[in-house]
Amino acid sequence: MTQMIVIDIGKCTGCGTCELMCSFRHHGEFNPRKARIHKTVFLYDELAVPVVCSQCEDAWCERICPAGAIAHTIEPTSGAAVLKVDEQICVGCKMCMLACPFGNIAVGAKGHAEKCDLCDGDPQCVKFCPRGALHFADSERGEGEKRRKLATALAASYKESE
Amino acid sequence: MTMHGWTQKVLRVDLTNLSSSVEDLDREAAEQYIGGLGLGARYLYDEIDPAVDAYSPENKVLFVTGPLTGTGAPAGNRYVVVTKSPLTGGIANSTAAGEFATNLKYAGYDMVIFEGKASHPVYLYIDDERISFRDASGLWGKTTSETELAVVAATAPDAKVSCIGPAGEKLVRFACVINDMGRAAGRSGVGAVMGSKNLKAVAVRGTGGVRVADNARFLAAIESCYATLDDPYTEHFHQTGTPGVLELVHAYGVMPTKNFQFGTNPHGDRLTGELLADTLSVRKRMGMGCPACPIACGRITRVKNPDFAGIGAGPEYETIGMFGSSCYTNDLDAVSKANFICNEMGMDTISAGNGIACTMEMFEAGVIPQADIGFALPFGEAKGMVRLAEMIAAREGFGDLLAEGAYRMTEHYGHTEYFMGVKKQEFPSYDGRGLQGMALGYATQPRGACHIRGELQDLDLYGQLGWRVTRDRGMEAVDPLSWEDKPGLSVDVQDWFCMIDSCGVCNFVWFMGCHEDQMRELLEAATGIDMGGHEGFMRTGSRIFNLETLFNRRAGLTSADDTLPERMLRTPLPDGPAKGYVCELDKMLPPYYELRGWDAQGNLTAEKAAELGLEALTTV
């Protein structure tokens with residue numbers, strides 16, 4: 001089991017606190033465009049969905065990087081697997097941006113690739129998410145919760161004669 | 001030089017010549033008036049003659065953010081629209097939250113000043129430092145959501161829009177400004193002033209960020225607020241939004257019913273926030289959040305009932321109080337429909353709902369003949385209410401008269417005793433007879449009857465939530481029916497709310513339990529300035545409140561305008577827990593003036609002006 005940022009879509013209000021605290025941590029300023037997590041709001045459905053790197057086991061960005069700047073490491077405090085960019089090696093060629101199917105890595109103003117690094121085991125987006133839509137938890141947690149929700153719905157549909 | 005909190009830039013837009021320029025923020029003024037409401041008041045006071053007609057090109061419209069707007073401070077997401085009000089004739093400052101506000105900061109501006117008047121409908125597109133004027137002839141007549149979608153399509157997918165609807169174009173005196181698909185800078189007719197300048201919309205796309213002076217201190221201040229907000233009150237407010245307060249208001253017997261004739265509504269249970277959340281809300285007990293908001297009280301409602309079908313943001317508590325209880329429809333479907341119309345047409349739901357309830361009472365009393373309205377409009381006539389809302393926005397028939405505001409409508413019939421409001425602005429949804437502090441606030445607010453510029457009702461209703469204004473007095477709770485303690489509380493609460501609305505944060509965070517010390521910490525950590533402790537912080541709030549009042553005095557308003565309708569002063573509430581009470585304004589006003597440092601005519605004394613650093617502004 002490895003820890004990851006688990007998203008509970010139903011709880012996201014679209015407030016974007018995750019974006020602000022991410023950019024504050026990584027860039028020292030509040031700027032949603034510099035965040036490594038992004039929310040999309042579907043207003044009339046009252047839904048919002050945050051999207052962030054899921055730290056792929058076999059990552060497109062890692063495979064395509066010609067400089068070998070992206071590598072899997074184990075974050076020591078949480079034991080989480082994290083794909084990290086070595087800023088000294090990265091040449092800013094943007095191949096990772098093209099390869100990532102999810103839009104979760106980008107070359108920023110400093111000329112090197114930027115992506116979620118799990119904030120050294122204390123993801124700020126999770127810490128400050130005011131409605132509990134983000135968790136730093138075992139990757140199984142997300143699946144487990146979904147299964148439990150389905151099971152609850154199924155259970156509700158099943159009624160023996162009263 | 002890196003700027004902290006403030007971007008230090010002001011965008012000045014000349015609509016007459018369709019040109020713009022960028023200038024440095026007046027740093028000294030910013031330190032004394034902070035931003036938002038306060039700094040907007042200072043710029044407006046300096047730049048226009050308060051006596052000008054609100055619709056003349058000499059009036060200006062200011063969009064002002066605060067130093068906390070765009071930061072991660074809890075609900076640091078607001079801008080204030082400051083101008084001279086066509087409704088009250090005094091200062092107007094209406095605030096709204098949304099990504100429009102935060103993007104103004106990200107684009108690099110603390111403030112945008114609109115002056116002059118365009119010769120034809122235009123909208124402004126601010127793309128960071130690139131400013132362009134676009135023809136808005138094709139947008140004229142479009143609703144607010146149509147306008148927002150059209151402007152986004154014509155500019156950029158990530159542009160954020162603030163605009164007016166047909167009501168603003170037609171100079172409905174209580175037209176509002178709508179941004180982010182349904183967030184309203186609602187009161188005092190700020191949208192009509194935009195309309196008078198042929199300014200249909202403002203689009204902004206900002207790619208920069210906001211920096212603060214002390215990152216570690218700012219982060220700690222945010223964490224402190226989050227800890228305070230981690231409680232059941234916040235959760236309840238998230239689940240039911242502002243309508244969640246309705247049951248509490250009703251329990252105090254201050255629910256406006258039939259144009260403030262009664263304080264309780266026997267059908268109030270059909271209007272609760274819980275019922276709204278469980279029936280019409282698209283996601284039931286799920287609220288949507290403005291930027292950086294830990295509460296997320298907003299909601300989208302959908303009405304399927306074909307008589308009132310629609311979808312959109314809201315309705316908020318005040319809207320339900322007016323269209324539901326005061327108009328006595330007692331029907332959330334009808335309330336929501338009236339709310340959708342107001343938002344789409346771009347007009348204030350409070351003034352519209354209050355004005356329609358007023359019309360209903362005058363119709364029932366035989367003062368307004370049916371022929372004038374075109375149809376019978378007794379209390380509870382839901383379809384007629386919705387129809388009249390549409391007529392106001394279009395200035396059609398009787399709607400043309402009511403578009404002037406309820407006061408002017410009652411004046412037309414020679415019966416201003418039916419008008420329920422102050423300074424020609426309609427009351428929101430609290431009856432002051434059962435909330436003495438609210439009554440004093442209504443009478444003295446520079447922008448007229450208003451519930452968010454001196455939230456005495458919160459002290460009254462919620463009791464002690466940790467605000468220093470009560471904590472410093474050793475008060476556990478406040479008795480809503482006592483008047484003796486209200487002058488002192490009013491002064492402090494009004495000054496405190498001036499600070500909230502000047503920093504660029506939403507006041508809901510601060511009545512959920514966060515308090516003055518936490519705000520000061522955020523403000524100082526963000527800007528690097530020293531507010532001079534709690535006293536200095538509150539003195540700044542007092543300076544702002546007094547400057548607003550100075551503006552009003554120069555605009556021609558006097559202490560005679562610090563009053564309430566006869567019904568509030570002389571007719572005791574006939575029902576409910578506050579039965580038998582009137583607003584004790586005559587008793588509260590003299591000590592209030594004295595605590596304000598005003599003379600008996602409501603004018604700032606020289607000593608108080610010197611204490612607040614306002615001497616230079618008092619001499620004209």
Side-chain angles (χ1 to χ4, degrees), chain A residues 7-51 103 106-110 114 119-120 122-134 149 153 156, chain B residues 2 4-5 68-77 97 99 102-103 105-106 145 158 180-182 205-212 215 218-219 222-223 225-226 229-230 234-235 238 281-284 286-302 311-313 509 526:
Chain A
I7 300 166
D8 187 339
I9 294 168
K11 287 186 176 167
C12 179
T13 71
C15 72
T17 301
C18 51
E19 300 172 339
L20 292 168
M21 301 317 285
C22 176
S23 65
F24 192 54
R25 159 93 180 195
H26 292 100
H27 299 276
E29 65 179 82
F30 294 102
N31 185 346
R33 285 161 201 277
K34 289 189 177 175
R36 290 114 193 248
I37 181 169
H38 297 277
K39 56 96 175 55
T40 301
V41 177
F42 304 91
L43 189 66
Y44 284 171
D45 297 318
E46 275 203 315
L47 270 177
V49 182
V51 172
V107 174
K110 289 178 186 164
E114 295 169 2
C119 299
D120 297 328
D122 184 20
Q124 297 295 290
C125 55
V126 172
K127 183 175 176 182
F128 285 94
C129 175
R131 303 303 319 168
L134 298 171
K149 276 184 189 168
Chain B
T2 306
H4 300 121
L68 298 180
T69 307
T71 71
N77 55 27
E99 292 193 65
T102 55
N103 269 265
K105 283 288 282 287
Y106 301 149
S145 68
D158 52 351
D180 290 74
M181 298 295 280
R205 179 177 172 274
T207 65
V210 179
R211 288 183 178 270
V212 296
N215 287 9
F218 196 70
L219 201 60
I222 295 174
E223 288 190 65
C225 293
Y226 269 62
L229 293 168
D230 186 12
T234 308
E235 182 60 30
H238 167 68
S281 287
V282 170
R283 295 251 341 262
K284 309 309 174 203
M286 176 74 195
M288 293 300 279
C290 297
C293 182
I295 303 169
C297 72
R299 64 207 55 246
I300 301 296
T301 47
R302 181 192 291 125
I311 186 166
V509 164

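Naming: A, B, ... by sequence-line order, numbering from 1 per chain.
Note that CZ of A/F30 is 12.5 Å distant from OG1 of B/T69, once rounded to the nearest 0.5 Å. From A/D45, atom CG reaches atom CZ of B/R302 across 7.5 Å, with rounding to the nearest 0.5 Å. Rounding to the nearest 0.5 Å places CZ of A/R25 at 12.0 Å from CG of B/N215. Between B/I311 atom CD1 and A/E46 atom CD the span is 8.5 Å, to the nearest 0.5 Å. Rounded to the nearest 0.5 Å, atoms OG1 (B/T102) and CD (A/E19) are 9.5 Å apart.
Options B/D158, B/L229, B/T234 differ in how many heavy-atom pairs under 4.5 Å they form with chain A, and the most are formed by B/D158. Most heavy-atom pairs under 4.5 Å with chain A, from the set B/A292, B/G298, B/S281: that is B/A292. Among the candidates A/G14, A/C15, A/P130, the residue making the largest number of heavy-atom pairs closer than 4.5 Å to chain B is A/C15. Contact tally against chain A (heavy-atom pairs below 4.5 Å) for B/G70, B/G208, B/A296: the top residue is B/G208.
Heavy atoms only, all atoms of each residue included: A/Y44 and B/M181 are closest at OH-CE, 3.9 Å. Residue B/R283 comes nearest to A/G10 through the heavy atom pair NH2-O, 2.7 Å, listed as atom of the first residue, atom of the second, then distance. Closest non-hydrogen pair, B/T71 versus A/L20, comes out as O-CD1, 3.6 Å. The minimum heavy-atom distance between B/I300 and A/L43, with the atom names listed, is CG1-O, 3.2 Å.
With a threshold of 4.5 angstrom between heavy atoms, B/V212 approaches chain A through side-chain atoms but not through N, CA, C or O. Contact annotation for A/C12: only backbone heavy atoms (N, CA, C, O) come within less than 4.5 Å of a heavy atom of chain B. Looking at B/R299, both its backbone and its side chain come within 4.5 Å of chain A, counting heavy atoms on both sides. Heavy atoms of B/I295 lying under 4.5 Å from chain A belong exclusively to its backbone. Of the atoms belonging to B/D230, not a single heavy atom falls under 4.5 Å from chain A. Only the side chain of A/K39 comes within less than 4.5 Å of a heavy atom in chain B; its backbone stays farther off.
Side-chain atoms of B/M286 and A/L47, non-hydrogen and from C-beta on, never get closer than 4.5 Å to each other.
Qualifying side chain to side chain contact (heavy atoms under 4.5 Å, CB included) partners for A/E114, counting only residues two or more places apart in sequence or in other chains: A/H27, A/R36, A/H112. Residues satisfying the ring pair (Phe, Tyr, Trp, His ring centres under 6.0 Å) test with B/Y226, not counting sequence neighbours, are A/F128.
Judged by distance alone, with hydrogens and angles left aside, the side-chain atoms of A/R131 form no donor-acceptor pair with the main-chain N or O of B/G287 at under 3.5 Å.
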